[in-house]
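Okay, so here's the structure we're looking at.
Computation of the quantities below employed the complete heavy-atom set of this structure, encompassing side-chain atoms and omitting hydrogens, waters and symmetry-equivalent molecules. Every chain is numbered from 1, with letters handed out A, B, ... down the list of sequences.
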Amino acid sequence: MTESYNPAALEPPIRERWEASNSFHAPDRPGADSYYCLSMFPYPSGHLHMGHMRNYTISDVITRFHRMNGRPVLQPMGWDAFGLPAENAAIARGVPPAKWTRDNIAQMRDQLKALGFAIDWDRELATCDPEYYRWNQWLFLKMLERGIAYKKTGTVNWDPVDRTVLANEQVIDGKGWRTGAVVEKREIPMYYLAITEYAEDLLAALDDLDGWPERVRAMQANWIGKSVGMEITFPYAGGRLKVFTTRPDTLMGATYMAVAPEHPLARAAAERCADVAEFVQSCSTGGVSEADLAAQEKRGIDTGYTVRHPLTGTDLPVWIANYVLMGYGEGAIMAVPGHDERDFEFANKYGLPIVQVVRPEADGHVYDATEWQDWYTAKENVRLVNSGAYDGLDYEAGFEAIARALEQKDMGARRTQFRLRDWGISRQRYWGCPIPIIHCDDCGDVPVPEQDLPVTLPEDLVPDGSGSPLARREAFLACECPRCGKPARRETDTMDTFVDSSWYFMRYPCADNGRAMVDERTNAWMPVDQYIGGIEHAILHLLYARFWTRVMNELGLVEVREPFANLLTQGMVLAETWYREDESGRRTWFNPSDVEVERDARGRIESARLVADGKPVHFGGVEKMAKSKNNGVDPAALVAHYGADTIRLFSMFAAPPEQSLEWSEAGVEGAWRFLKRMWQNVHDHVAAGTPGAPATAGLSDPALEMRRRVHETIAKVGDDFGRRYTFNTAIAAVMECSNHLARFEVGSDTDLAIAREGWEALVRLIAPVTPHIAQALWQALGHEDDILAAGWPEIDEAALLQNKITVVVQVNGKVRGRIEAAPGASRDALQEQALAEENVARFVADREIRKIIVVPDKLVNIVVKT
RNA sequence: GCCGGGGUGGCGGAACUGGUAGACGCGCCGGACUCAAAAUCCGGUUCUGGAAACAGAGUGCGGGUUCGAUUCCCGCCCCCGGCACCA
């Protein structure tokens, strides 16, 4: 053992040893106690960033902890390899997306390996491999057969200059990112997956996902958005206008109708009237994202049409409103401005009538039609007013009475509506999985026969930002119709990359199977025991994966319906930002590693300057690591400087996994110092000689105390790793115990044996976090085996017993003293001892004691009259 | 705009079931070693007062429940994530 800690020399041979002995291989048939630990696979951008590093360290700690506890573990890795950034790189640099992506994968694989993750690399996969995406295509065809996949039109962002479809992130302030042209909404045919058929099941099953964070379940439930209400018909001369409402009880308060700009009635009105046509046209500019739509100012126009109220027969005007969404419900609403905030705002803006039909039972609520108040939407303890025969009914009774009246007249039906929309998977892009469809003039859209899969994506194309290059590649386009044999054209749309990520976790166990999508090995490992990834995937990816797993289950491919038993959503990685501003207010951002900070005597930041020129820079706050703020820290560079263990240690220590993590160079230094100290301490301990067998009887008080601390730490760390996933507190406990052990004075062979037991425990406790140094120290302590096989240290319950406990004494809830007591001391004894304590007695003095609360082994609170 | 989360010393964070607020680490202050510096080691460090003992205040802001609230309830402010074609 060398005297000083030298990770650069120490880490690589240990990784080679793991690789040579195939240490992280997962068996095909693992048995009942198997543990599948999965991280969200990365998009191969070329550089491993801190978010990845954090994500994979979390799962590596969990993986290694379970391995040390003797369970068969699968920790795989793969690449989410299709997507927009590869096309952007192609546009910027002229490199084919395929080459760019594969080069990036090679580079990132090396970076991952340098971090020492216990990954079974034999199961690696990339979604851009034809052997992977052929099963996307295959399952898509199965979905077509079952009617789960179907075709309809959808709205996209259209750049009129590049003549191409834009992603939402490519639309900036309603304009195209490259051309600056005002983006238009366009309707195009697309393939959809009927996830709404599964809405009820996806929602109900959330209740059983008790291994998921409550907030993720809440977000998914809100996303699915189940509403129980009614579809109500408003007849007019030319037909019937249908709306969906969750508040049929307020029907008597409906004063106008509002339809989406894309609604057939709006189109009809636009044909009759130029002003209406202009309004509808003006609604077709700007992006399609919900955030854009929801944030825009409410605007509308009267169509001139009227419909009849189904119960009163009154004529109601039909307006077109930009806040009504064609994709939800019927694309039309009955506006009840008295009790819906959006309708209220709209009615006030356009001078439409507002009628109050609900009033609270309690007094003191005055309705004001010019100012919105929260109680207007109340459903509890309210009564109907201004509603004719329905006056005086509460919400439930009003709902029921009006629902019956409508049903009798055949003007309404009870219905459950979901906010969730079907999943549009068509993308007008090149770098994705081709949709296996052939267009024939005679036969229409014909599925590619199963034996012709995969439809392979040509890999030599370079997109230029205007339209899909596939549409210009004749060799790809030209084909024969599988049904009639005539010349036909291939579909050029590719699939949403969320398709790729909806089942990759089921492919890892059987990644080498060329004949089937999944096999019995998938069933052997699924479900995933622990899934770890960013909170930003809480809704879409996780919902699509749950849906896709259900479909595979119904096709008899897998036994599970829910893919992820436990979910851990990690927080973002942040760093300080530093900038200078020029005269025009433009900011130049400097990397935190190039900035030197001066502090005052209290440790507060006083000033900061750039190391390069010594001139001042300004603090721009702590923000998510991003290129735009130049505050990214490259994990690969840090590994080269400190070694993998230090980086792993800091990123697990600085914050609990669910919270955001603030990167700090000084904090990394602290982690480095701890490892150096631990190395030195173990070195000194080994140099002191080899102890005999550990004794547990006849120990001195300090030895008993030391041993108690060690076993308390074993218990604490096991609980933190196995149950709480608070790696920061586990590491803090190891540090604390290590500090005590370093100070523990060894005066006898018995003491040396206690110290040996302590160091052997601590080295194993820290091993999941810092596996390289732990392996080296384990060997230094005289063991030849792999520390993963050494097993988790066992707790000696007898060592945990204490003969004295500190009990806090409060007077009126304020701590006034502490007493030492035997564990399990009686209430009376504690009370007596507490009152005798000097400072306590001072505060109690001769005041009247009202009561005394005793929490055994913890606290005594004496309540006195003041 | 809608949905979800967060706010504790100079900083990252701890306090797990309502029971000692600030574990552990960083930074800072003082000391040792050194010709000096770095590294390392030792001590101190929520704020205010006090030499100390100790006292008062204190977990974004305002209120409430309780013997006791960072923790539970109500109202507000600020920051962050998602919003269906970024992944």
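- Residue contacts for A:E536: at a heavy-atom cut-off of 4.0 Å it reaches a base atom on one of the strands shown.
- Taking every side-chain heavy atom of A:M572 into account, B:rC80 is the closest of B:rU40, B:rA84, B:rC80.
- Taking A:K152 as the reference, nothing meets the salt bridge (Lys or Arg N to Asp or Glu O under 4.0 Å) condition, with sequence neighbours excluded.
- Atom-to-atom, CZ of A:R599 to P of B:rG10 comes out at 13 Å; the value is rounded to the nearest Å.
- Note on A:R724: a side-chain N or O is less than 4.0 Å away from OP1 or OP2 of B:rA15.
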All N/O donor-acceptor pairs, side-chain side in residues 853-865 of chain A, below 3.5 Å, sequence neighbours left out:
{"residue": "A:D857", "atom": "OD1", "partner": "A:G824", "partner atom": "N", "Å": "2.8"}
{"residue": "A:N861", "atom": "OD1", "partner": "A:G813", "partner atom": "N", "Å": "3.1"}

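- Shown here are the salt bridge (Lys or Arg N to Asp or Glu O under 4.0 Å) partners of A:E184, two or more places apart in sequence or in another chain: there are none.
- Using a 4.0 Å cut-off on heavy atoms, none of the residues of residues 619-629 of chain A approach RNA chain B.
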Check your understanding: How is the base pairing of RNA chain B summarised as a dot-bracket string, given the Watson-Crick and G-U wobble criteria with both distances under 3.5 Å, [ ] for crossing and | for another strand?
Key -> (((((((..(((......[....)))((((((.......))))))((((....))))..(((((..]....))))))))))))....
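- Among the nucleotides B:rA39, B:rC16, B:rC85, the one closest to any side-chain atom of A:V156 is B:rC85.
- For A:T806, the side chain to side chain donor-acceptor pair (under 3.5 Å) partners two or more places apart in sequence, or in a different chain, are A:E820.
- Taking atom NE2 on A:H537 and atom C1' on B:rA84, their separation rounds to 14 Å, with Å as the unit.
- Side-chain nitrogen and oxygen atoms of A:T497 include at least one within less than 4.0 Å of the OP1 or OP2 phosphate oxygen of B:rA87.
- In this model, a side-chain donor or acceptor of A:Q428 finds a partner on the base of B:rC85 within 3.5 Å.
- Within residues 649-660 of chain A, the residues having any heavy atom under 4.0 Å from RNA chain B are, by residue number, A:F653, A:A654, A:P656, A:Q659, A:S660.
- With sequence neighbours excluded, the residues forming a salt bridge (Lys or Arg N to Asp or Glu O under 4.0 Å) with A:D162 are A:R178, listed by chain and number.
- Screening residues 719-744 of chain A for salt bridge (Lys or Arg N to Asp or Glu O under 4.0 Å) gives A:K716-A:D720, A:D719-A:R723, A:D720-A:R724 as the qualifying pairs, with residues at least two apart or on separate chains.
- Spacing of P atoms, B:rC79 relative to B:rG22, comes out at 31 Å, to the nearest Å.
- Set against B:rC86, B:rG5, B:rG27, the side chain of A:P85 has B:rC86 as its closest nucleotide.
- Going from atom CD1 of A:I224 over to atom C1' of B:rC3 covers 13 Å, rounded to whole Å.
- Listed pair A:R673 / B:rG27 meets the phosphate criterion, a side-chain N or O lying under 4.0 Å from OP1 or OP2.
- For the salt bridge (Lys or Arg N to Asp or Glu O under 4.0 Å) test, no residue two or more places apart in sequence or in another chain qualifies with A:R54.
- At the phosphate of B:rG12, neither OP1 nor OP2 sits under 4.0 Å from any side-chain N or O atom of A:N728.
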**Study point:** Test log, rule side chain to side chain contact (heavy atoms under 4.5 Å, CB included), inputs A:Q833 and A:E837
**Key:** CA-CA 7 Å; A:Q833 212 182 331; A:E837 207 275 341; over 6 Å; no
Practice item. Summarise how protein sits on nucleotides 42-68 of chain B as a single string, 5' to 3': B when a protein heavy atom is under 4.0 Å from the base, S for sugar-phosphate-only contact, - for no contact. Key: S----SS-----SSSS---------B-
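- Comparing B:rG5, B:rC83, B:rC24 by their nearest atom to the side chain of A:R215 picks out B:rG5.
- Between the NZ atom of A:K858 and the C1' atom of B:rU20 there is a distance of 10 Å, given to the nearest Å.
- The ring-ring contact (aromatic ring centres under 6.0 Å, His included) test applied to A:W158 returns no partner, not counting sequence neighbours.
- Here the nucleotide nearest the side chain of A:W223, chosen from B:rC85, B:rG25, B:rA84, is B:rA84.
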